[in-house]
Number of protein chains: 2
Amino acid sequence: MEEKDIQSNVKQIFSSYLEKHSHRKTPERFAILEEIYSNPDHFDVDELYTKMKDKKYRVSRATLYNTIELLLDCNLIRRHQFGKNMSQFEASYGNKQHDHIIDVDTGKIVEFCDPRIQLIKNTIKEHFGVDVLHHSLNIFVRFPNKENSENSN
Amino acid sequence: MEEKDIQSNVKQIFSSYLEKHSHRKTPERFAILEEIYSNPDHFDVDELYTKMKDKKYRVSRATLYNTIELLLDCNLIRRHQFGKNMSQFEASYGNKQHDHIIDVDTGKIVEFCDPRIQLIKNTIKEHFGVDVLHHSLNIFVRFPNKENSENSN
DNA sequence: GTGTATGCAAACAATTTGCACGGAC
DNA sequence: GTCCGTGCAAATTGTTTGCATACAC
């Protein structure tokens with residue numbers, strides 16, 4: 001799907017969602033959505049705040065937190081916790097569910113998919129008789145072939 | 001393994017660890033270890049603080065955080081993030097590595113093991129040429145057979 | 001006796017809340 | 001015109017830090 005189409009589709013989805021839930025279609029909400037979908041990377045609230053402040057549109061942190069809740073609720077973004085006490089997010093429309101490899105030295109994140117995780121979820125569903133809503137799988141790794149192997153204490 | 005043996009073993013392990021790293025064997029450190037191993041549940045720092053305050057031994061939060069770092073370092077406890085911006089911990093000696101099912105309605109945690117997760121880790125190691133240090137897999141579920149199905153908005 | 005560990009309180013960082021004003025409806 | 005959503009600042013929560021005292025060594 002083209003970048004342009006994605007932007008257009010997510011606006012449509014968000015708009016319908018707001019309508020359905022009797023929430024107002026404010027310019028701030030759409031500016032936040034657009035900023036998030038202008039970049040596929042993971043982000044935290046402060047990064048989003050700074051990017052928007054530096055660019056065209058500036059919103060308060062309170063509005064960012066508020067809007068992020070709405071975007072989570074309509075599945076346009078996903079929330080992650082990669083071990084720090086801080087939420088990170090990513091746009092989720094147009095990319096399939098995936099998991100994350102975290103380089104413990106740099107914090108860098110690589111995405112991967114493995115079909116076996118779906119099998120595990122199926123087993124959970126059958127064994128416990130529950131609805132599996134979602135999951136998070138993070139693999140923490142170290143790249144051994146690095147020129148500087150950090151300090152060794 | 002008996003509860004008593006576990007208590008005794010972990011004290012021995014912690015003691016050796018402190019010795020090896022030239023850290024002092026303070027009564028606070030052993031009181032914290034004992035409190036953690038007196039109960040197999042997950043806990044957060046505040047719960048631990050309150051439990052110890054109510055009981056025999058009272059330590060400051062600063063000491064709790066400090067000691068928890070040591071216990072993580074010698075693998076006597078594990079740290080988890082279950083979606084909240086708060087660390088939770090669990091005693092890890094004498095139980096094997098496992099993953100977690102989280103009931104999104106109650107926050108209740110069930111542990112499970114699935115050997116396929118190890119296969120996924122092996123694949124990651126081979127495919128990316130990395131050392132896999134650890135992982136965290138959380139499955140968020142809802143129990144459909146509940147008398148009160150919460151509010152439905 | 002030395003110097004690390006402790007307790008306390010202040011500092012911090014991420015997030016939430018309260019409130020007055022502005023704009024979507 | 002209503003009243004929800006916004007921006008701001010203050011409040012809260014989880015965690016860290018600074019410093020004087022206490023105690024493990």
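A note on names: the letters A, B, ... follow the listed sequences, proteins ahead of strands, and every chain is numbered from 1.
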S.K.: Which residues pass the ring pair (Phe, Tyr, Trp, His ring centres under 6.0 Å) test with A:Tyr57, sequence neighbours left out?
M.R.: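 So A:Tyr57 forms no ring pair (Phe, Tyr, Trp, His ring centres under 6.0 Å) with any residue.
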S.K.: Answer yes or no: side-chain N or O of A:Arg24 and base N or O of C:dC25 forming a donor-acceptor pair under 3.5 Å.
M.R.: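 Absent.
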S.K.: Checking all strands, does A:Asn66 fall into the base, sugar-phosphate, or nothing category for heavy-atom contacts under 4.0 angstrom?
M.R.: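 Sugar-phosphate contact only - A:Asn66 comes under 4.0 Å of backbone atoms but never of a base.
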S.K.: Given atom CZ of A:Arg61 and atom P of D:dG7, what is their separation to the nearest angstrom?
M.R.: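 Nearest whole value for this atom pair: 12 Å.
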S.K.: For B:Leu70 and C:dA5, what is the distance between atoms CG and P respectively, to the nearest whole Å?
M.R.: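 Going from B:Leu70 (CG) to C:dA5 (P), I get 8 Å.
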S.K.: How long is the line joining NE2 of B:His23 and C1' of C:dT6, in whole Å?
M.R.: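 Going from B:His23 (NE2) to C:dT6 (C1'), I get 14 Å.
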S.K.: Check every strand shown and say whether A:Ser87 touches a base, only sugar-phosphate, or nothing at a heavy-atom separation below 4.0 Å.
M.R.: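 A:Ser87: backbone/sugar contact only, no base atoms under 4.0 Å.
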S.K.: Can you find a side chain N or O atom of A:Tyr65 that sits less than 4.0 Å from OP1 or OP2 on C:dT16?
M.R.: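 For C:dT16, neither OP1 nor OP2 has a side-chain N or O of A:Tyr65 closer than 4.0 Å.
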S.K.: In plain terms, say whether A:Lys96 and A:Glu111 are close enough for a salt bridge, that is, a side-chain N and a carboxylate O under 4.0 Å apart.
M.R.: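 Here A:Lys96 does not pair with A:Glu111 in a salt bridge, since their nearest N and O are not under 4.0 Å apart.
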S.K.: Both B:Ala62 and A:Val59 contact DNA chain D. Taking the nearest nucleotide for each, which residue is further toward the 5' end?
M.R.: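 In this pair, the answer is A:Val59.
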S.K.: Within this structure, what is the CZ-to-C1' distance between A:Phe82 and C:dA14, rounded to whole angstrom?
M.R.: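 Those two atoms, CZ and C1', are 17 Å apart.
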S.K.: Between A:Asn85 and C:dA14, is there a side-chain N or O to OP1/OP2 distance below 4.0 Å?
M.R.: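 No, no such contact exists.
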S.K.: Is any side-chain heavy atom of A:Leu64 closer than 4.5 Å to one of A:Met52?
M.R.: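 A:Met52 reaches A:Leu64 side chain to side chain.
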S.K.: Return the value, rounded to whole Å, for the distance between atom CD1 of B:Ile32 and atom C1' of C:dG7.
M.R.: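 For the pair B:Ile32 CD1 and C:dG7 C1', the rounded distance is 12 Å.
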S.K.: Between A:His127 and B:Phe112, is the ring centroid distance below 6.0 Å?
M.R.: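 Aromatic pair excluded; centres sit 6.0 Å or further apart.
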S.K.: Between A:Met86 and B:Thr26, which has a closest nucleotide on DNA chain C that is more 5'?
M.R.: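 Nearer the 5' end of the strand: B:Thr26.
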S.K.: Within this structure, what is the NZ-to-P distance between A:Lys25 and D:dG5, rounded to whole angstrom?
M.R.: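 Taking atom P of D:dG5 as the reference, NZ of A:Lys25 is at 13 Å.
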S.K.: Grab the OH-C1' distance between B:Tyr57 and C:dT6 for me, whole Å please.
M.R.: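 In whole Å, C:dT6 C1' and B:Tyr57 OH are 10 Å from each other.
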S.K.: Using a cut-off of less than 4.0 Å, is there contact between a side-chain N or O of A:Arg58 and OP1 or OP2 of D:dC8?
M.R.: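 Checking A:Arg58 against D:dC8: at least one side-chain N or O falls below 4.0 Å of OP1 or OP2.
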S.K.: Does NZ belonging to A:Lys55 count more than 12 external heavy atoms closer than 6.0 Å?
M.R.: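 Enclosed: over 12 neighbouring heavy atoms sit under 6.0 Å from NZ of A:Lys55.
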S.K.: Using the closest heavy atom to pick a nucleotide of DNA chain D for each, name whichever of B:Glu69 or A:Thr67 lands nearer the 5' end.
M.R.: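 Its nucleotide being nearer the 5' end, the pick is A:Thr67.
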S.K.: Between atom OH in A:Tyr49 and atom P in C:dT15, what is the gap in whole Å?
M.R.: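 Spelled out: OH on A:Tyr49 to P on C:dT15 is 15 Å.
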S.K.: Is B:Arg29 near enough to C:dA5 that one of its side-chain N or O atoms lies under 4.0 angstrom from OP1 or OP2?
M.R.: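 It does, given that an N or O in the side chain of B:Arg29 lies less than 4.0 Å from OP1 or OP2 of C:dA5.
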